[in-house]
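A short write-up of the structure that comes next.
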Amino acid sequence: MTSNDGKLWDGRFEEPTEAAVEAFTASIHFDRALARYDLQVSRAHAAMLEEAGLIPAEDGAALQRGLDQVTREIEDGSFPLDPALEDIHMNIEARLHDLIGAPAGRLHTGRSRNDQVATDLRLYLRETATAAERGLLELRQVLLTRAREQIDTILPGYTHLQRAQPVRLAHHWLAFIEMFGRDGGRFADLRGRIGDCPLGAGALAGTTLPLDRFATARALGFDRPSANSMDAVSSRDAAMEFLSAAAIAMVHLSRLSEELVLWSSAEFGFIELADGYSTGSSLMPQKKNPDVPELVRGKTGRAIGNLVSLLTTMKGLPLTYNRDMQEDKEPLFDSAATLRGSLEVTAGAIATLRVDSERMAQAADDPMLLATDLAEALVRVGVPFREAHEAVGRVVGKCVRKGLDLRSLSREDLCAVHPDFPASAAELLSLTRAVEERNLVGGPARATVERALDAAQDEIRDRLQSLDAGGSPR
Ligand code: ARG
């Protein structure tokens, strides 16, 4: 047993808390990450209480002084964390009592830890979603720069991990630029949905005291007080949304990583990761391993797990606050850190990898990748596509059986299979044309890709500028 001395709720208790219970229920070892936001919230709350005449001006001033001191202690690491005081909210309040004495007892006027933690969490999410958005923009910028450098590098595009059709490497990078753009959009959307401030919702039903909820909402940079006190203290969908956006972004990073792993293998040989982004083997001296993309791929498991974890925690909870909800924080902090780290090392790996455009070109220089174009040559002279597909299928089958290069077939050879082939395979098939003629919007032709790169560049610049200017959600 431990003593209840110093606990802020010990009034109705006669027996002290069991030590095991204290250890089991404490959250201070992780929710101290919310200290900065908790202090912001307390400062705004105290100022409002003073303004509303709910606490004397001297006590208001003492509270601000005490909160300043706690802020300094948190920043320089000297703040004493006591697990007996459960969480960051009670640790800060208890420290205020040590620092300023009696006026500290007025801070929690009209407030509960329930509306307090919900508000802290929103401030945390606002900042963390903005950081995630910025990290995604920075990665997109790196991909874009590399794409421009490699504008004429051609490689096979794959379906089923089988060589399918030739594309520009820049087009391939642009696919990820698009994905990461939508990922950033999800974080921006989330910020647009956390404009309401839970503070003043109390434990669940507000308070009889005349708080000014609009003043605290404004002071903390929210748009308005939340409309329903029960929703305000019991909802965690903003956290779920963050975890979901993070999990999706990690899945995209994982797919990119998988390609970096494949492409850096001897079998592909398309890229070489820089030494600074590779590691060696403790046993095999020749090895250069792609541990960075492997770990990004691996850590995606946590991000998915964290989302499932919070969804599962929340699914059976009756309104309003339940202590289960304390379990929202570790998954959230973990996903935020995992995403931040993954974005940083992926951007670095992409920025520094060496592209072997020769190897890529060799892999793309397989006339079989142009078989669709042969079918389209028939379509151009009026043959229905299904019939053309069937004819080219037979041509390809013949080449495979006889070990012939598709390009070696004369017009007569082709016409033996279908009478409408307009020219020889060599005349009809060209790697360059195969790429350059795919110039519809969204295609891999040089002009199309350059337009897409320009559009992405403008968009990235605008988003970064708007984040720098205060990060308004779009
Ligand atoms: N540490 C708690 C949490 O994170 C703070 C709220 C506690 N509220 C309560 N009524 N026990 O959820």
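For ligands, and for the atoms within them, numbers begin at 1 and follow the listed sequence. No experiment lies behind these values; they were computed from the predicted model shown.
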Task: Min N/O separation E86 to ligand 1 under 3.5 Å - done: no

Open item on the list: Has D31 got a side-chain atom pairing as donor or acceptor with L34's backbone, closer than 3.5 angstrom?
Closed with: no

- [ ] Give a yes or no on whether the backbone of G157 and the side-chain of H171 come within a donor-acceptor separation of less than 3.5 Å.
- [x] no

Open item on the list: Any heavy-atom pair between the side chains of L49 and R106 that's under 4.5 Å?
Closed with: no

Open item on the list: If we count only N and O atoms by modelled type, under 3.5 Å, do the side chains of T279 and D291 hold a donor and an acceptor together?
Closed with: yes

Task: Closest protein heavy atom to atom 11 (N) of ligand 1, given as residue, atom name and distance to 0.1 Å - done: R113 NH2, 3.4 Å

Open item on the list: Return the closest protein heavy atom for atom 12 (O) of ligand 1 as residue, atom name and distance.
Closed with: Y321 OH, 2.3 Å

TODO: Record the part of K329 in heavy-atom contact with ligand 1 below 4.0 Å; permitted values are side chain, backbone, both and neither.
DONE: side chain

Open item on the list: Heavy-atom pairs closer than 4.0 Å: do any link ligand 1 to the side chain of N114, the backbone, both, or neither?
Closed with: side chain

Open item on the list: Check for me whether R126 meets the cation-pi criterion with F222, that is, NZ or CZ under 6.0 Å from the six-membered ring centre and within 45 degrees of the ring axis.
Closed with: yes

Task: Under 4.0 Å to a heavy atom of D87 - the qualifying atoms of ligand 1, by number - done: 1 (N), 2 (C), 5 (C)

Task: Atoms of ligand 1 close to S27 [distance to a heavy atom under 4.0 angstrom, numbered from 1] - done: 1 (N)

Task: Result of checking K299, K329, R340, R302 against D334 for salt bridge (charged side-chain N to carboxylate O under 4.0 Å, His left out) - done: R302

